[in-house]
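Numbers restart at 1 for each chain; the letters A, B, ... are given by sequence-line order, proteins then strands. Below, all heavy atoms of this structure are taken into account, side chains as well, without hydrogens, waters or symmetry copies. Please read all numbers here as calculations on a predicted model, not as lab measurements.
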2 protein chains.
Amino acid sequence: MERNTRQRQAVLDAIDHAGRALAPGEILELAQASVASLNLSTIYRHLNALQEDARIHKVMLPGQAARYEAACADEGVDAAHHHHHHFHCHRCDRVYALHGCPGSLQELAPKGFVVQAHEITLRGLCAGCAK
Amino acid sequence: MERNTRQRQAVLDAIDHAGRALAPGEILELAQASVASLNLSTIYRHLNALQEDARIHKVMLPGQAARYEAACADEGVDAAHHHHHHFHCHRCDRVYALHGCPGSLQELAPKGFVVQAHEITLRGLCAGCAK
DNA sequence: GTCGTTGCAAAGCGTTTGCAGCCTA
DNA sequence: TAGGCTGCAAACGCTTTGCAACGAC
């Protein structure tokens, strides 16, 4: 059903080679290197499609516009998402994936509340900016 | 400098009596009970002003529009914010404040990264919706 | 009476959608 | 050649802003 167009490949390449979560605007800039006419609408359409195919993840951080990162290679279409969290550097404004997780955090919720998921965002300086 | 208008009081009352974080639209509905002509622009202007005075807190959750909650009474203008996290019920779409915190979470970050802050969002069902 | 505050309308930003033409399979 | 894909422009939801009338002090 989905055609392998230059645009789709350019979007996928940008995300796969970034190594961190990218904003749609960053993806546009990177992908326009291969397809100069590329349009933001097309980016968004592919981002939504690739997300449904579990090829990429949408990363939402508090107070920030959405970013997109490559899905792990060992992650099948039906597999549960690889659970991880993110670090936001407030100096370079980049977002990095973190590994590890403190657990369910059910104990933070009041009695009677059912915790089904959690998200953690760390903020500070990345290794490059901390120097 | 700041005048004590009916509009300002209506916004403050709505937030102070809510017991949870409210969206600007919810505040509008509640506050229009006392000032029927109240406008969303006015709400936003007061929200920003009250936030600067540390009377309220802006609550940002991933992928959600901003909500606002009352600041703790023991919190002075200059005092550090009372550190806490939030729970989002995906059934009633309400946001509740949580008490407690697992700690700095510095250990989740890669070597060289400096963690200065963190935010945790729990999702699931609140006590009312879990029944 | 002054000057901050209000309501309205318009604009801003990130994101989505309608549409006509384009291009892949 | 059919039907999905593309680019453009318009629309969307949330938030901010310009402006003239209003109202608290």
**OP:** Would you mind reporting whether A:Asp13 and A:Ser34 have side-chain heavy atoms less than 4.5 Å apart?
**Re:** no
Subject >> Gap between atom CG of A:Leu98 and atom NE2 of A:His85 - 0.5 Å precision >> reply: 8.0 Å
**OP:** Heavy atoms under 4.0 Å is the rule here; annotate nucleotides 18-23 of chain C 5' to 3' with B where the base is hit, S where only the sugar-phosphate is, and - elsewhere.
**Re:** B----B
**OP:** Rounded to the nearest angstrom, tell me the gap between atom CG in A:Asn48 and atom C1' in C:dT16.
**Re:** 9 Å
Subject >> Between P of C:dC8 and CG of B:Leu38, the distance in whole Å >> reply: 10 Å
Subject >> Any B:His46 side-chain nitrogen or oxygen under 4.0 Å from OP1 or OP2 of C:dT6 >> reply: yes
Original post:
Does a side-chain N-to-carboxylate-O contact under 4.0 Å join B:Glu26 and B:Arg67?
Top reply: no
Subject >> Interatomic distance where CZ belongs to B:Arg8 and C1' belongs to D:dC25 [whole Å] >> reply: 15 Å
Subject >> With B:Asn48 via side chain to side chain donor-acceptor pair (under 3.5 Å) - residues at least two apart >> reply: none
Original post:
Who else is in A:Leu61's hydrophobic cluster (ILVMFWY, side-chain heavy atoms under 4.5 Å, direct or via others)?
Top reply: A:Val59, A:Val95
Original post:
Can you find a side-chain donor-acceptor pair between B:Glu69 and B:His84 that sits under 3.5 Å?
Top reply: yes
Original post:
What integer distance in Å separates A:Leu47:CG from C:dG14:P?
Top reply: 15 Å
**OP:** Would you kindly give the NZ-to-C1' distance between B:Lys58 and D:dT16, to the nearest whole Å?
**Re:** 11 Å
**OP:** Using only side-chain N and O atoms of A:Tyr44, determine if any of them is under 4.0 Å from OP1 or OP2 of C:dT16.
**Re:** no
**OP:** Could you tell me the separation between the CZ atom of A:Arg6 and the P atom of D:dG4, rounded to a whole number of Å?
**Re:** 21 Å
Subject >> Candidates B:Ile56, B:Ile15, B:Leu40 - the one meeting side chain to side chain contact (heavy atoms under 4.5 Å, CB included) with B:Ile27 >> reply: B:Ile15
Original post:
Of all the nucleotides listed (D:dC14, D:dG7, C:dG7), which has the minimum atom distance to the side chain of B:Ala65?
Top reply: D:dC14
Subject >> Selected nucleotide, minimal atom distance to A:Thr42 side chain, candidates D:dT16, C:dT16, D:dT6 >> reply: D:dT6
**OP:** Identify which nucleotide among C:dT15, C:dT16, C:dA25 has an atom closest to any side-chain atom of A:Asn4, counting heavy atoms from C-beta outward.
**Re:** C:dA25
Subject >> Nearest to side-chain heavy atoms of A:Gln7, which nucleotide of C:dT6, D:dG7, D:dT15 >> reply: D:dG7
**OP:** Please tell me which of the listed nucleotides, D:dT16, D:dC5, C:dT16, lies nearest to the side chain of A:Thr5?
**Re:** D:dC5
Subject >> Atom-to-atom span, CG of A:Leu50 to P of D:dC5 - whole angstrom >> reply: 11 Å
Original post:
Could you state the CD1-P distance from A:Ile43 to C:dT15, rounded to the nearest angstrom?
Top reply: 12 Å
Original post:
Among C:dG14, D:dG7, C:dG7, which is the nearest nucleotide to the side chain of B:Asn39?
Top reply: C:dG7
